Amino acid sequence: MKLKGTKFQQQVWRYLLKIPYGKVKTYKEIAIKLNKPNSARAIANACAKNPYAPSIPCHRVIRSDGKLGGYSGPGGVKTKEKLLKKEGFLVK
DNA sequence: CACATGACCTAAC
DNA sequence: TGTTAGGCCATGT
């Protein structure tokens, strides 16, 4: 199959898939792991535009403040919060 | 190439 | 502690 998005996005999505169940990562952490410590914003951008929405746990990504940030899926942050709680992560 | 957008971060008030 | 302003990055128009 043909991969979608740019190399950067693919990198981000690949890392999202590495996040284990019940775990959450911050945009900054991911940015650092990708060797781009200041690209937190771009990371969020990639997550929001990921074409594999249901396949990628983009809801496991939160802000460095511990807040949820946002969610492009149905229900918005509300759904995100529910998913995280379901996975055992208590939202602040 | 220049401008605008967004699920961000940090500092300053 | 809450709000404002500036900076940073990748993408799309």
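Note that this is a predicted model, so its numbers are computed, not measured. In what follows, chains are A, B, ... by sequence order, proteins preceding strands, each numbered from 1.
In terms of heavy-atom proximity, Lys25(A) sits nearest to Tyr15(A) at CE-OH, 4.0 Å. Summarising the geometry of Lys4(A) relative to Tyr52(A), their closest heavy-atom pair is N-OH, 3.6 Å, with the distance given to 0.1 Å. Of all heavy-atom pairs spanning His59(A) and Tyr71(A), the tightest one is CB-CE1, 3.9 Å. Of all heavy-atom pairs between Ser55(A) and Leu17(A), the closest is O-CD2, 3.4 Å. Shortest non-hydrogen contact noted between Ala53(A) and Cys58(A) is O-SG, 4.1 Å.
Within the 4.5 Å cutoff, the side chain of Trp13(A) has heavy atoms near those of the Pro51(A) side chain.
A side-chain contact (heavy atoms from CB on, under 4.5 Å) with Tyr27(A) holds for exactly one of Ile62(A), Ile32(A), Ile43(A); it is Ile43(A).
At a threshold of 4.0 angstrom between heavy atoms, the contacts of Ser72(A) include nucleobase atoms, whether or not backbone atoms are also involved. Across all strands shown, Gly69(A) has heavy atoms under 4.0 Å from sugar-phosphate atoms exclusively, and none from any base.
Rounded to an integer number of Å, the gap from OH of Tyr27(A) to C1' of dC8(B) is 8 Å. For the pair Gln9(A) CD and dG6(B) P, the interatomic distance rounds to 16 Å; values are reported in whole Å. Rounded to whole angstrom, the span from the CZ atom of Phe8(A) across to the P atom of dG12(C) amounts to 12 Å. For Ile30(A) and dA7(B), the CD1 to P distance is 16 Å, given to the nearest whole Å.
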Enumerate, atom names and distances included, each donor-acceptor pair closer than 3.5 Å involving a side-chain atom of residues 76-84 of chain A, sequence neighbours excluded.
{"residue": "Thr79(A)", "atom": "OG1", "partner": "Pro74(A)", "partner atom": "O", "Å": "2.3"}
{"residue": "Lys80(A)", "atom": "NZ", "partner": "Val61(A)", "partner atom": "O", "Å": "2.6"}
{"residue": "Lys80(A)", "atom": "NZ", "partner": "Leu68(A)", "partner atom": "O", "Å": "2.7"}
{"residue": "Lys80(A)", "atom": "NZ", "partner": "Gly70(A)", "partner atom": "O", "Å": "3.0"}
{"residue": "Glu81(A)", "atom": "OE2", "partner": "Lys85(A)", "partner atom": "NZ", "Å": "3.3"}

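Non-hydrogen atoms lying under 4.0 Å from DNA chain C are contributed by Lys36(A), Asn38(A), Ser39(A), Arg41(A), Ala42(A), Asn45(A), all within residues 31-58 of chain A.
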Distances for protein N/O vs nucleotides 11-13 of chain B N/O pairs under 3.5 angstrom?
none

